[in-house]
Amino acid sequence: MPSFAHNCILYKITPTIELDKPEYKTSVFLSQERLDMLHGHVEANLVNNYDLILETFPIDGGYCVVLKRIDALFGFDKFDIEINKEHELNSCSYKAVLNHEEKHINVYLNIIEEFKSDIFNSLFTAADSVMPIFIENKSDIEQVFEKLNQEFSSHPDLLLISQKVNAAQEIRNKQIDQNENNSELYSCYN
């Protein structure tokens, strides 16, 4: 590596972070077989996608590649509600189970709101730790992009925030199930 490649540090900037939540979609369906769960459950899909925006600066004999911005999408984009087939479509018990499962979806959505500043701070810390890289040819930019993307995506703060979000939703969803007295469901049978 040429000695002037070390001059890339002079091009280091603090990347900007654009954080957004994905639009989410909810699907509801009856199970094909009897569920092990009492009445239903929700499958949620956590998305954490990051688009890295790079900038190149010409320097004698090559280029400095710098992380300029992160466009991040972090949140849940899909909820699949499966209801035990014993609850007839649109029946009172079906609606009671659906209402219960929607409480779980609210937990997922609220967790993202509550952790929004922690998510942003994790993104910022990870992005700010990515250092510029020197390349001799612009054709090497794809390899550098992959390297910077891997460095950013594997940052401990990003891994930790995903674990925290998952742990928080798991705890709160268990609380909902433990505190649920199923009164709405039982009223369908009285």
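Numbers here simply count residues along the sequence, with the first being 1.
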Q: May I ask you to decide if L159's main-chain N or O and S162's side chain share a donor-acceptor pair within less than 3.5 Å?
A: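 Checked: no pair found.
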
Q: Going from NZ on K138 to CD1 on I141, what distance comes out if it is rounded to the nearest 0.5 angstrom?
A: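 The NZ atom of K138 sits 7.0 Å away from the CD1 atom of I141.
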
Q: Taking the side chain as everything from C-beta on, heavy atoms only, tell me whether I105 gets closer than 4.5 Å to F76.
A: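 With C-beta onward as the side chain, the pair stays apart.
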
Q: Going by heavy atoms in the side chains, are K78 and V47 under 4.5 Å from each other?
A: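 Answer no - side chains too far apart.
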
Q: Determine whether a donor-acceptor pair (N or O, by modelled atom type, separation under 3.5 Å) exists between the side chain of S31 and the backbone of K85.
A: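 Yes, S31 side chain to K85 backbone: donor-acceptor pair under 3.5 Å.
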
Q: Could you tell me whether F145 atom CZ has more than 12 heavy atoms of other residues or ligands within 6.0 Å of it?
A: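 Atom CZ in F145 is crowded, with more than 12 foreign heavy atoms closer than 6.0 Å.
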
Q: Looking at K12, I want to see if its NZ is surrounded by more than 12 non-hydrogen atoms of other residues, nucleotides or ligands under 6.0 Å.
A: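 It does: K12 NZ has more than 12 such atoms within range.
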
Q: Within a radius of less than 6.0 Å around CD of E146, do more than 12 heavy atoms belonging to other residues, nucleotides or ligands occur?
A: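 Enclosed: over 12 neighbouring heavy atoms sit under 6.0 Å from CD of E146.
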
Q: Under a 3.5 Å distance rule, please check whether S153 uses its side chain to pair with a backbone N or O of N149 as donor and acceptor.
A: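 Pair found, side chain donor or acceptor close to backbone of N149.
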
Q: Could I get the full list of ring-ring contact (aromatic ring centres under 6.0 Å, His included) partners for F57, not counting sequence neighbours?
A: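 With sequence neighbours excluded, F57 shows a ring-ring contact (aromatic ring centres under 6.0 Å, His included) to Y11, given in chain and number order.
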
Q: Less than 4.5 Å apart, any side-chain heavy atom of V97 and any of E101?
A: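 A side-chain contact under 4.5 Å exists here.
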
Q: Check whether any side-chain heavy atom of K25 sits under 4.5 Å from a side-chain heavy atom of F79, and report yes or no.
A: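 K25 does not reach F79 side chain to side chain.
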
Q: More than 12 heavy atoms of other residues, nucleotides or ligands under 6.0 Å from CD of E88: is that the case?
A: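 Result for CD/E88: open.
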
Q: Do I161 and D157 come within less than 4.5 Å of each other through their side chains, counting heavy atoms only?
A: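 Heavy-atom side-chain distance check fails, nothing below 4.5 Å.
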
Q: Answer yes or no: is there an ion pair linking K147 with E151, defined by an N-O contact shorter than 4.0 Å?
A: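 Salt bridge absent between K147 and E151.
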
Q: Does the side chain of N99 reach to within under 4.5 Å of the side chain of K103, using non-hydrogen atoms?
A: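 Yes, close enough: below the 4.5 Å cut-off.
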
Q: Using a distance-only test with no angle check, is there a side-chain donor-acceptor pair under 3.5 angstrom linking Q175 and N179?
A: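 Not at all, the side chains of Q175 and N179 share no donor-acceptor pair under 3.5 Å.
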
Q: Please answer: with hydrophobic residues joined when any side-chain heavy atoms are less than 4.5 Å apart, are I53 and V130 in the same cluster?
A: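 They do not share one cluster, since no chain of ILVMFWY contacts under 4.5 Å joins I53 to V130.
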
Q: Do the non-hydrogen side-chain atoms of F152 and L123 ever get within less than 4.5 Å of each other?
A: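 Yes, side chains in contact.
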
Q: Nearest 0.5 angstrom please: H87 NE2 to S91 OG, how far?
A: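 Answer for the NE2-OG pair, H87 versus S91, is 7.5 Å.
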
Q: Are any side-chain N or O atoms of D128 and backbone N or O atoms of F124, one a donor and one an acceptor, separated by less than 3.5 Å?
A: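 No: the side chain of D128 does not pair with the backbone of F124.
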
Q: How many angstroms lie between SG in C8 and CD1 in I59, if you round to the nearest 0.5 Å?
A: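 Going from SG on C8 over to CD1 on I59, the span is 5.0 Å.
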
Q: Has the side chain of N121 got a donor or acceptor atom that lies under 3.5 Å from a matching backbone atom of S117?
A: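 Yes: the side chain of N121 pairs with the backbone of S117.
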
Q: With the side chain counted from C-beta on, respond yes when L54 and L67 share a heavy-atom pair under 4.5 Å apart, and no when they do not.
A: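 Touching, per the 4.5 Å side-chain cut-off.
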
